[in-house]
Amino acid sequence: MPRKTAFMSQWNQVTTVHASVLLSGCMNSVEQKIYVELNSTVPCVRLLNATHQIGCQSSISGDTGVLHVLETEADLDWILSTGPHPPYMVVMEAAFFTRSTMVKMKNSSRVAGVAVIKSNTGPTEGFSPHTSCPNQNTGVYTEHYGPELANCNNTVWNPLGNGLSYEDFAFPIFSLKDDNQTQVIRKCYEDHNMRMNGSAPQYPLCAMQLFSHMHAVTDTVTCMRRTDLQNSFSINPEKLCDPLSDFNVWTSIRPLNNSIKGHKENESVVIAAARLDGRSFFWDIAPSAEGTVSSIVTLLAAAQALYPVALEAPPQRNIFFTFFQGVSRGVKMHLKMPVQLIWSNYISFGMLKTIIIISSLWMHSDPVSRKNTTVNKQVANLVANIKSVASSLNLSLNEPSATQALPPSSFQRFLRVRPVPGLVLADHQASFTNRYYESLYDTATYLNVTYPSDLSPEQQLEYETEAAKSLTQVATLVARSIYKQAGGEDRFLNNITADTKTVAKLLYGFLIMSNNSWFSSLLPPEALGRGSILGLVITHIINTLTSVTRFVQFILANMTGTVTKLNQSQCQNPKDVPGESKDLYSYSWVSGPVSVNGTTDPYCVRSSVHLSKALSPAFELTDYGSREYSTWTESRWKTIRARIFLVASPQLEMMTLGVGVAVLLVSLVVTYFISSKAELLFSATREPPNTTY
């Protein structure tokens, strides 16, 4: 009997395992037959600051609605008022993704969510989801500093801004690529949901379900307080939101000593700065071709052109090349190493934004700080130096009205500390000329970075576009102006010329394909394997060390550093190597170019390129409700998903539920009857023993 019991137990275990496997496989198979998963989707997510929340989210179990493609005004009326099958999940082309349409949907209870089909080109009239007055509450102009210039009273910088990125939507909004999956959605809609002769479609209908539930609510103060409470009392704490943070990248012509601050008392410097971050309405989509990439490429090319001459004939003042994170959100940029140098002295040059079309550039300055005689004299000298260089390059530079405010830029954050001389180079006299400011359409196409169709990727990498040639002139202008302003001798200016080939490679890498042979050769080997950073380039969200930051760090190190003979072990730990100093330099072990046989030849680069944390002081001071510093955070989430399926009519669903309940009740009654009569139904008749004597 024990053997039989053990055997039956093992058999039951085996049966249970097989049943579980079959059930799991069956469930997966059934799910695949019911749902079509949409992979090429990007959501709008929730962001928070000291006072409110913006962005989008779904309910915790996802939001579901009957699919309807918005193509005409009649479709909009059907969705918002006359359609008999609300709530609707709206699929629209980019042309309908306007403020007026989205506000109507926001105020309607008949909309479950929105999916926007991203096109390769933006609307001809332009599209900017940012506000018309960027950096309105984070810039230098307030009621205490230039009140007549505050709130864009003097100049509306972004007249096309519709403010969609700063709205709070209670339903999910996703971006879809215009690819095969979009065609699947359209076919599902046309087969099941298309109106025939004005009559409503019949069930089953095509439906869409979007998952983008956000953990954080209300504002940064609430979110961070709840996160801190969980960290204090929970065994398994879960963060609800993260401060927007990343790293700035900077280098200097003369290395600074980390251990002794590296500068003299009252030493003046020249600083050229560009922004690293960009954003759009949707998470993780921020090409920022004109808004960010153009300035990154300009400053990198200028640094490469200037460094050899600066080493041969050092200028009187030190020169900083700085790439700031967090400009799009007003995050104050911390430069941990030269912070005392920058705050306690003046900055002679500030360059944030340049643009490809260089028929005319404008030099913007701050009219308020120029009321100071000393500052005004230094700015005038800076303007004269740049104009002198521009004339030798046959470039036209102008100044806007003396009463016009400074454009939104990182330079405004410096002015909030003290009056300093500086300029912002831009392509616009007043309002932005960028018709797609901070949108997903600010792409290489808009910047006119295009290639002949018959070129291979490697040939495109080397191809010198007209945009690259034009931007090379801007980089040369910037490099020579910096050198002249730093006290360099005029006789060396003609030796400073940006390289068109390098500019072409930078544009291709940042805008077309970051996973290319040149970028790969400049990165460390560990960045090229699993989890490679050779993917997304510019991003609007900055929770960690992002790809663009790493790219700029290593590209700048290779352009301005020196190749050493250190091996990998010495490169990663140079403190014990005679003549090397981690206080003065940073060391990078990079992959090197790929040889003919497919192998790489790594080497060690010594440079003065450093990273500094770009985190708002509000989070270091735990002042989450600060009005002085940026308090932007991003909500966390667990699932981002989108799928379509056929949904039955409510009557059929109720009938199916009723039948199921009836079957359950009948099963319970039958089971009870069989259980109570088991002895009678399953008892075996005892046969008399067959005994032989």
**Request:** May I ask you to check if R110 and F171 form a cation-pi contact, with NZ or CZ under 6.0 angstrom from the six-membered ring centre and within 45° of the axis?
**Result:**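 The answer is no; the distance or angle limit is not met.
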**Prompt:** Are R641 and F211 in a cation-pi contact, defined as NZ or CZ under 6.0 Å from the six-membered ring centre and within 45° of the axis?
**Reply:**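 Verdict for F211: a cation-pi partner in R641.
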**Item:** Atom of P159, atom of S431 and distance for their closest heavy-atom approach
**Value:** CD-CB, 3.8 Å
**Request:** Kindly give the heavy-atom pair with the smallest separation between M208 and A115, and that separation in Å.
**Result:** SD-CB, 4.3 Å
With a 3.5 Å cut-off and no angle check, do the side chains of [X] and [Y] form a donor-acceptor pair?
{"X": "Q53", "Y": "D168", "result": "yes"}
{"X": "N180", "Y": "T182", "result": "no"}
{"X": "S439", "Y": "D442", "result": "no"}
{"X": "E438", "Y": "S165", "result": "no"}
{"X": "W637", "Y": "Q57", "result": "no"}
{"X": "T433", "Y": "D427", "result": "yes"}

Distance check, rounded to the nearest 0.5 Å: [X] atom [atom1] versus [Y] atom [atom2]?
{"X": "N434", "Y": "H130", "atom1": "CG", "atom2": "NE2", "result": "12.0 Å"}
{"X": "R225", "Y": "Q230", "atom1": "CZ", "atom2": "CD", "result": "12.5 Å"}
{"X": "L665", "Y": "S667", "atom1": "CG", "atom2": "OG", "result": "8.5 Å"}
{"X": "T631", "Y": "L244", "atom1": "OG1", "atom2": "CG", "result": "9.5 Å"}
{"X": "S61", "Y": "D63", "atom1": "OG", "atom2": "CG", "result": "7.5 Å"}
{"X": "D219", "Y": "T633", "atom1": "CG", "atom2": "OG1", "result": "8.5 Å"}

**Request:** Name all residues meeting the side-chain hydrogen bond (donor to acceptor under 3.5 Å, both in side chains) criterion together with Y508; count only those two or more places apart in sequence or in a different chain, and write none if there are none.
**Result:** none
Between [X] (side chain) and [Y] (backbone), is there a donor-acceptor pair under 3.5 Å?
{"X": "D246", "Y": "Q325", "value": "no"}
{"X": "R636", "Y": "D242", "value": "no"}
{"X": "Q412", "Y": "P407", "value": "yes"}
{"X": "R435", "Y": "S128", "value": "no"}
{"X": "H213", "Y": "S58", "value": "yes"}
{"X": "T671", "Y": "V669", "value": "no"}
{"X": "T41", "Y": "A642", "value": "no"}
{"X": "S626", "Y": "D623", "value": "no"}
{"X": "N158", "Y": "T131", "value": "yes"}
{"X": "S232", "Y": "D228", "value": "yes"}

**Request:** Please assess H68 against V90 for the test side chain to side chain contact (heavy atoms under 4.5 Å, CB included), listing each intermediate value before the final yes or no.
**Result:** CA-CA 5 Å; H68 196 90; V90 184; 5.7 Å; no
**Request:** Show your reasoning for whether side-chain hydrogen bond (donor to acceptor under 3.5 Å, both in side chains) applies to T220 and N49.
**Result:** CA-CA 5 Å; T220 291; N49 65 10; 5.8 Å; no
When you compare the side chain of [Y] with that of [X], does any pair of heavy atoms fall below 4.5 Å?
{"X": "L210", "Y": "R643", "result": "no"}
{"X": "I640", "Y": "W283", "result": "no"}
{"X": "T443", "Y": "L511", "result": "no"}
{"X": "L276", "Y": "V249", "result": "yes"}
{"X": "Y88", "Y": "V111", "result": "no"}
{"X": "P123", "Y": "Y441", "result": "yes"}
{"X": "V114", "Y": "M105", "result": "yes"}
{"X": "F169", "Y": "L164", "result": "yes"}

**Request:** Evaluate the side chain to side chain contact (heavy atoms under 4.5 Å, CB included) criterion for residues M92 and V116: first the C-alpha distance (whole Å), next the side-chain angles of each, then the deciding distance (0.1 Å), finally the verdict.
**Result:** CA-CA 5 Å; M92 64 172 70; V116 182; 4.1 Å; yes
**Sequence neighbours excluded - side chain to side chain donor-acceptor pair (under 3.5 Å) pairs with any residue from residues 198-208** =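 Residue pairs passing side chain to side chain donor-acceptor pair (under 3.5 Å), neighbours aside: none found.
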**Request:** Anything under 30° is parallel, anything over 60° is perpendicular, the rest tilted; go ahead and classify Y166 against W632.
**Result:**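 The arrangement is perpendicular - the two ring planes meet at more than 60°.
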**Item:** Sequence-distant partners of N153, side chain to side chain contact (heavy atoms under 4.5 Å, CB included), two or more places apart
**Value:**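 If we apply the side chain to side chain contact (heavy atoms under 4.5 Å, CB included) test to N153, skipping adjacent residues, the hits are N151.
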Distance-only donor-acceptor pairs under 3.5 Å for side chains of residues 644-661, two or more places apart:
from	atom 1	to	atom 2	distance (Å)
S649	OG	L652	N	3.2
T656	OG1	L652	O	2.7

**Asked** Yes or no on side chain to side chain contact (heavy atoms under 4.5 Å, CB included) for W157 and Y437, after CA distance, side-chain angles and deciding distance?
**Response** CA-CA 10 Å; W157 295 109; Y437 179 74; over 6 Å; no
**Message:** Applying ring-ring contact (aromatic ring centres under 6.0 Å, His included) to F510 and F519, what does each step give before you reach the verdict?
**Reply:** CA-CA 10 Å; F510 281 115; F519 269 26; 5.5 Å; yes
**Message:** Is there a ring-ring contact (aromatic ring centres under 6.0 Å, His included) between Y446 and Y436? Walk through the geometry before answering.
**Reply:** CA-CA 9 Å; Y446 178 57; Y436 304 112; 4.9 Å; yes
Are more than 12 heavy atoms, taken from residues, nucleotides or ligands other than [X], located less than 6.0 Å from that residue's [atom1] atom?
{"X": "L621", "atom1": "CG", "result": "yes"}
{"X": "K187", "atom1": "NZ", "result": "no"}
{"X": "N107", "atom1": "CG", "result": "yes"}

**Fill in**
Quick note, salt bridge (charged side-chain N to carboxylate O under 4.0 Å, His left out) partners involving residues 82-100, not counting sequence neighbours, are E93-R186, R99-E167
**Message:** Quick test of your reading: applying salt bridge (charged side-chain N to carboxylate O under 4.0 Å, His left out), list the pairs with at least one residue in residues 74-88, sequence neighbours left out, ordered by first then second residue.
**Reply:**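 Counting only pairs at least two positions apart or across chains, the salt bridge (charged side-chain N to carboxylate O under 4.0 Å, His left out) contacts touching residues 74-88 are D75-R195.
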**Message:** R275 vs E290, test: salt bridge (charged side-chain N to carboxylate O under 4.0 Å, His left out). Steps then yes/no.
**Reply:** CA-CA 11 Å; R275 62 184 290 181; E290 180 177 323; over 6 Å; no
**Prompt:** Taking the six-membered ring for Trp, are F97 and F127 ring centroids under 6.0 Å apart?
**Reply:** yes
**Prompt:** Do I173 and M102 pass the side chain to side chain contact (heavy atoms under 4.5 Å, CB included) test, and can you show the C-alpha distance, the side-chain angles, and the key distance before you say yes or no?
**Reply:** CA-CA 10 Å; I173 304 177; M102 294 307 299; 3.5 Å; yes
